[in-house]
Each structure stands twice: as structure tokens, then as C-alpha cells.
Amino acid sequence: MRGTPGGGEFPRQTPWGITPSSTGKGGQPVYATVEEWLGRAVESPDPETVVRRYLGAFGPAGVADLQKWSGLTGLRQVVAGLGLRTYRDDQGRVLYDLPDAGLPDPDTPVPARFVADFDNLVLSHADRSRILGEVAPGRVMTANGIVRGTVLVDGFVGGTWKFERRRGEAAVLVEPFGRLGIADREALEAEGSRLLAATDPQASAHAVRFTGS
């Protein structure tokens with residue numbers, strides 16, 4: 001899929017893995033508009049629906065966050081007319097949320113979790129320190145647009161992870177960005193085992209490994 005400055009999308013018509021070089025023929029990948037690909041017109045998204053769905057997943061959030069994630073502009077006026085709940089963050093910025101959405105108790109325990117490659121959680125805010133914390137974006141997002149699978153520790157990115165498969169074994173390799181507590185490590189080991197049971201049930205062995213271990 002290729003985006004355009006005007007907001008349109010161009011699905012790649014050449015199947016992934018079938019390229020001019022792999023077929024022995026010259027030429028470039030072929031793209032088409034979404035309308036051509038689907039064979040029907042595509043309606044523009046309703047801004048109010050976009051705002052509500054975004055906040056349902058990622059709120060509370062500011063207008064800049066909404067616009068960064070959606071690519072839409074002019075959402076401040078839309079937000080103002082929806083009767084949303086408001087908060088202010090540590091920098092005094094106004095954050096919006098759905099009227100019936102509440103905030104969890106600050107002391108609510110947050111277990112360590114795996115987040116998939118390219119997950120919207122990492123890409124959903126203009127100020128990505130809300131999920132990255134003190135982690136430099138370059139440790140998670142590469143210059144060529146790759147977004148690595150991440151590990152959440154206490155609600156913030158605390159490392160990356162990936163699969164490794166060889167000789168019949170399937171493993172999850174975890175690269176923490178700092179020292180993991182015993183509870184977080186045990187939570188990741190348990191979740192990694194559940195993940196491998198779902199993704200690689202036929203593997204001869206499963207393992208969850210941590211770099212530096």
C-alpha cells in the first residue's frame with residue numbers, strides 16, 4: 001500500500017514476493033487506486049466517527065494526537081462539538097475522552113505485555129513519549145519505516161521482541177532496554193509461552209529467551 005500527499009491509497013497489484021527480479025522480467029511494481037482495486041467508490045470517513053473510535057482505543061488524547069494518527073485536519077472544531085470529557089496533562093495540554101470513559105486507579109497493576117510489530121499503540125500519539133517514555137524512537141522505529149514488536153513494562157515500552165524459528169524450535173527473543181523485575185520477567189515468560197502455543201503449535205520445542213541471559 002502506498003500513500004499519496006492527497007491522502008489517497010494505492011494498493012500494490014503485484015503480489016508480495018513476486019517482483020520483477022524474481023520473475024526474471026524487468027519493470028516496476030504496478031499500483032492502482034483503492035477505487036480501481038475494489039471496483040467501487042470509497043466514501044470519505046466521517047470525522048465524528050473517526051474521533052469516537054480513536055478515543056475508544058487510545059483516549060484520553062489531544063487534537064494533535066487525533067490528527068497525527070488519522071491524517072485528518074481541522075478536528076479541533078469536531079472535537080469541540082462532541083461533548084467529550086476533558087483532562088489536562090502535565091504540560092497543561094487538553095486531552096479528550098469519551099463521556100462514559102473513566103480513568104483507572106493510578107495504583108492499578110500493569111503486567112508486562114508483548115505488542116505486535118507495527119501496532120497502532122506505538123503510532124497513535126503525536127507525543128510518543130506517552131508510550132515510549134524515555135526510550136528513543138529509533139530503538140523501536142527504523143529509518144525505513146519498520147516498527148518493531150515491543151514489550152510493555154508498567155505501561156511503557158521497555159524493550160523489543162521477535163520470533164526465532166530454527167531446527168524445529170520456535171522461540172520468542174526479548175531484548176529489554178533495562179533490568180526486568182522478577183514479576184515482569186515471569187509475566188513475559190508466561191505470555192511468550194502462550195503466544196508460541198498459538199503461533200507454532202507444531203514446533204518440537206518452545207522457548208522464551210532474554211538477551212544478556
Any chance you could measure [X], atom [atom1], to [Y], atom [atom2], to the nearest 0.5 Å?
{"X": "Leu152", "Y": "Arg113", "atom1": "CG", "atom2": "CZ", "result": "9.5 Å"}
{"X": "Arg85", "Y": "Tyr96", "atom1": "CZ", "atom2": "OH", "result": "15.0 Å"}
{"X": "Leu123", "Y": "Phe58", "atom1": "CG", "atom2": "CZ", "result": "8.5 Å"}
{"X": "Arg93", "Y": "Arg88", "atom1": "CZ", "atom2": "CZ", "result": "11.5 Å"}
{"X": "Glu186", "Y": "Leu180", "atom1": "CD", "atom2": "CG", "result": "11.5 Å"}
{"X": "Leu55", "Y": "Leu98", "atom1": "CG", "atom2": "CG", "result": "5.0 Å"}

Row check, Phe163 ring normal vs Arg165 NZ/CZ: under 6.0 Å, within 45°:
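Yes; both conditions hold, so Arg165 lies above the ring face of Phe163.
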
Donor-acceptor contact below 3.5 Å, side chain [X] vs main chain [Y]:
{"X": "Asp119", "Y": "Val122", "answer": "no"}
{"X": "His206", "Y": "Asp200", "answer": "yes"}
{"X": "Tyr54", "Y": "Ser124", "answer": "yes"}
{"X": "Glu36", "Y": "Thr33", "answer": "yes"}
{"X": "Ser204", "Y": "Gly168", "answer": "yes"}
{"X": "Trp161", "Y": "Val115", "answer": "yes"}
{"X": "Thr108", "Y": "Pro104", "answer": "no"}
{"X": "Asp65", "Y": "Ala126", "answer": "yes"}

With a 4.5 Å heavy-atom cut-off, do [X] and [Y] have their side chains touching?
{"X": "Pro109", "Y": "Asp154", "answer": "no"}
{"X": "Gln67", "Y": "Leu72", "answer": "no"}
{"X": "Phe210", "Y": "Leu188", "answer": "yes"}
{"X": "Val157", "Y": "Phe177", "answer": "yes"}
{"X": "Asp46", "Y": "Val50", "answer": "no"}
{"X": "Pro176", "Y": "Thr211", "answer": "yes"}

Check [X] against [Y] and note the closest heavy-atom contact, atom names and distance.
{"X": "Asp127", "Y": "Ser129", "value": "OD1-OG, 2.6 Å"}
{"X": "Glu191", "Y": "Phe114", "value": "OE2-N, 3.3 Å"}
{"X": "Ser193", "Y": "Val208", "value": "N-CG2, 3.9 Å"}
{"X": "Ala207", "Y": "Leu196", "value": "O-CD1, 3.3 Å"}
{"X": "Asp97", "Y": "Leu84", "value": "O-CB, 3.3 Å"}
{"X": "Gly155", "Y": "Ile131", "value": "O-CD1, 3.5 Å"}

Is the number of heavy atoms from other residues, nucleotides or ligands within 6.0 Å of CD (Gln77) greater than 12?
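Open.
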
Considering only distance and modelled atom types, tabulate donor-acceptor pairs under 3.5 Å from the side chains of residues 132-149, sequence neighbours left out.
from   : atom 1 : to     : atom 2 : distance (Å)
Thr142 : OG1    : Asn144 : OD1    : 2.4
Thr142 : OG1    : Ile146 : N      : 3.0
Arg148 : NH1    : Arg139 : O      : 3.3

Can you list the steps and then say if Leu95 with Thr86 is a side chain to side chain contact (heavy atoms under 4.5 Å, CB included)?
CA-CA 6 Å; Leu95 305 179; Thr86 60; over 6 Å; no

Please lay out, stage by stage, how Glu164 and Arg166 fare under the test salt bridge (charged side-chain N to carboxylate O under 4.0 Å, His left out).
CA-CA 7 Å; Glu164 181 180 73; Arg166 59 183 179 183; 3.7 Å; yes

Taking salt bridge (charged side-chain N to carboxylate O under 4.0 Å, His left out) as the definition, give me every residue that meets it alongside Glu169, ordered by chain and number, with sequence neighbours left out.
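Glu169 satisfies salt bridge (charged side-chain N to carboxylate O under 4.0 Å, His left out) with Arg209 once adjacent residues are dropped.
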
Quick one: do Tyr87 and Val94 satisfy side chain to side chain contact (heavy atoms under 4.5 Å, CB included)? Show the steps, please.
CA-CA 6 Å; Tyr87 305 92; Val94 179; over 6 Å; no

Before giving the answer on side chain to side chain contact (heavy atoms under 4.5 Å, CB included), spell out for Val51 and Thr49 the whole-Å C-alpha distance, their side-chain angles and the decisive distance to 0.1 Å.
CA-CA 5 Å; Val51 168; Thr49 300; over 6 Å; no

